[in-house]
Amino acid sequence: MELRHLHYFAILAEELHFGKAAERLFISQPPLSRQIKDLEEELAVILFERNNKRVNLTPAGAYFLKETQDILRLLDNAKIKARQIQDAVSGTFRLGYISSTPKALLARLLKMVKERYPHLHVCLYETSTQKQLTALENGKLDLGIVRTPILSNQLCTRTLLKESFCLATTPDFNANSGKLSELAYVTYSKEYAPEYYRQFVSYCHYLGFDPHVLHECNTMQSILELVASGLGAALVPQSVQNQALHLQICFSALPAVPIYTETVLAFDRESRHPALSAFTAIITEEYKAFYQNIKHLPAL
């Protein structure tokens, strides 16, 4: 038995006329008669009394009609509910991210979201942690990929990645046996990313020297390109090595220091955006998959 059998039966029961029922169903009369006959044979009951002038429901047909109408009503309600659930995850979702977020990861995320929620329009904003936190508190972003610390009581966080720093240099650094304290450094601007800059300086202090900062940038890509051009070294999160495969950069592990950088998801704890939980789950899953194969770094 298929749904079309029930649908055909219900229409014929309303019309009690094969010709009119066939017209409503946009089929010819013989296929309708055949479908009703198949249904009666499967049920092993006579649903309609037929003669040359009229068609009537049998007692068994009247009972089956009531049950069929209930089934079709439940099916229609299920269709409506499914559309409502899908349409609820629609409109616009505003996602912020720091510049060290892998673009390949973002591309996978957008593809997955498009497949699952085709009616959702995603707006991406690459900007600093500080600007994202302000936008999240003001309702201008729905979710942010940021670095800790997060001092706002209004925001919730979910950890994505906790990692140490490594040294990025040109490939000839080790050959020259240079010392960390003698290098010129490229890092984030202290105005653009003050917490990251503070961590960078604290890391250097823990190793026993004050860093000589030669260039300050607003994006991780700019930092890496300046390093590749020989304009300085950089202390960067270990995961960044996966984003610099096209650049001539050597990444080296640094001495063990109890200073880490943590990437988290941040969002307003009062947010009721229907797509928030879905985005949080997808991004967490994608980060785990993307970073599980970070290669081991050689020591200095």
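Values reported hereafter were calculated over all heavy atoms of this structure, with side chains retained and with hydrogens, waters and symmetry mates removed. Just so it is clear, the model here is predicted, and its values are computed rather than measured.
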From CA spacing to verdict: side-chain contact (heavy atoms from CB on, under 4.5 Å), Leu95, Asp142: CA-CA 6 Å; Leu95 174 65; Asp142 297 302; over 6 Å; no
Verdict with supporting geometry, Cys204 and Leu235, side-chain contact (heavy atoms from CB on, under 4.5 Å): CA-CA 9 Å; Cys204 294; Leu235 298 188; 3.7 Å; yes
Worked verdict on Glu285 versus Arg108 for salt bridge (Lys or Arg N to Asp or Glu O under 4.0 Å): CA-CA 11 Å; Glu285 175 185 331; Arg108 287 212 304 270; over 6 Å; no
side-chain contact (heavy atoms from CB on, under 4.5 Å) between Leu124 and Leu110, intermediate numbers included: CA-CA 10 Å; Leu124 297 177; Leu110 292 177; 3.7 Å; yes
side-chain contact (heavy atoms from CB on, under 4.5 Å) evaluation trace for Met112 with Glu286: CA-CA 10 Å; Met112 187 177 298; Glu286 285 298 298; 3.2 Å; yes
Evaluation steps, ring pair (Phe, Tyr, Trp, His ring centres under 6.0 Å), between Phe200 and Tyr185: CA-CA 10 Å; Phe200 157 69; Tyr185 287 92; 5.8 Å; yes
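Considering every non-hydrogen atom in both Gln132 and Thr127, the closest pair reads NE2-O, 3.2 Å. Contact record, Ala234 with Ile223: CB-CG2, 3.7 Å, taken as the closest heavy-atom pair. Closest approach of Ser128 and Ile98 over heavy atoms only: C-CG2, 4.5 Å. In this structure, Leu143 and Phe93 approach most closely via the heavy-atom pair CB-CZ, 3.7 Å. For Leu231 against Val186, the heavy-atom pair with the smallest separation is O-CG2, 4.1 Å. In terms of heavy atoms, Leu57 sits closest to Leu16 at N-CD2, 4.2 Å.
Aromatic ring centres of Phe48 and Phe9: separated by under 6.0 Å.
Classified by interplanar angle (parallel below 30°, tilted 30° to 60°, perpendicular above 60°), the ring pair Tyr196/Phe165 is perpendicular.
Taking a 6.0 Å sphere around CG of Asn153, one finds it holds 12 or fewer heavy atoms contributed by other residues, nucleotides or ligands. In Glu23, the CD atom is not crowded: 12 or fewer heavy atoms of neighbouring residues, nucleotides or ligands sit closer than 6.0 Å. Heavy atoms from other residues, nucleotides or ligands lying under 6.0 Å from OH of Tyr63 number 12 at most.
Every side chain to side chain donor-acceptor pair (under 3.5 Å) that Ser222 has, sequence neighbours left out, goes to Thr219.
Under the 4.0 Å criterion applied to side-chain N and carboxylate O atoms, Asp38 and Arg34 are not assigned as salt-bridge partners. In this structure, Glu40 pairs ionically with Arg50, as a charged nitrogen and a carboxylate oxygen lie closer than 4.0 Å. Look at Glu42 and Lys37 and you find no salt bridge, because none of the NZ, NE, NH1 or NH2 atoms lies under 4.0 Å from a carboxylate O. Salt bridge absent: Arg73 and Asp76 never bring a charged side-chain N and a carboxylate O closer than 4.0 Å.
Side chains of Gln199 and Glu195: no donor on one and acceptor on the other come within 3.5 Å. Glu49 and Thr58 share no side-chain donor-acceptor pair at under 3.5 Å. A side-chain donor-acceptor contact under 3.5 Å links Thr261 and Arg147. With 3.5 Å as the limit, one finds a donor-acceptor pair spanning the side chains of Glu137 and Ser152.
Remark: Ser252 OG to Ile249 CD1 distance equals 11.5 Å, nearest 0.5 Å. The CG atom of Leu183 sits 6.5 Å away from the CG atom of Leu167 when rounded to the nearest 0.5 Å.
In terms of modelled atom types and a separation under 3.5 Å, the side chain of Gln35 and the main chain of Arg4 share no donor-acceptor contact. Counting only distance, with no hydrogens or angles, the side chain of His273 and the backbone of Thr92 share a donor-acceptor pair below 3.5 Å. In this structure a side-chain-to-backbone donor-acceptor pair under 3.5 Å is present from Ser99 to Met220. Proximity of a side-chain donor or acceptor of Thr101 to a complementary backbone N or O of Tyr97 within less than 3.5 Å is not detected.
With hydrophobic clusters built from ILVMFWY side chains whose heavy atoms lie under 4.5 angstrom apart, Phe64 shares a cluster with Leu3. A continuous path of Ile, Leu, Val, Met, Phe, Trp and Tyr side chains, each step under 4.5 Å between heavy atoms, connects Leu180 with Val227, placing both in one hydrophobic cluster.
Applying the salt bridge (charged side-chain N to carboxylate O under 4.0 Å, His left out) test to every pair with at least one member in residues 207-222, sequence neighbours left out, gives these pairs: Lys190-Glu216.
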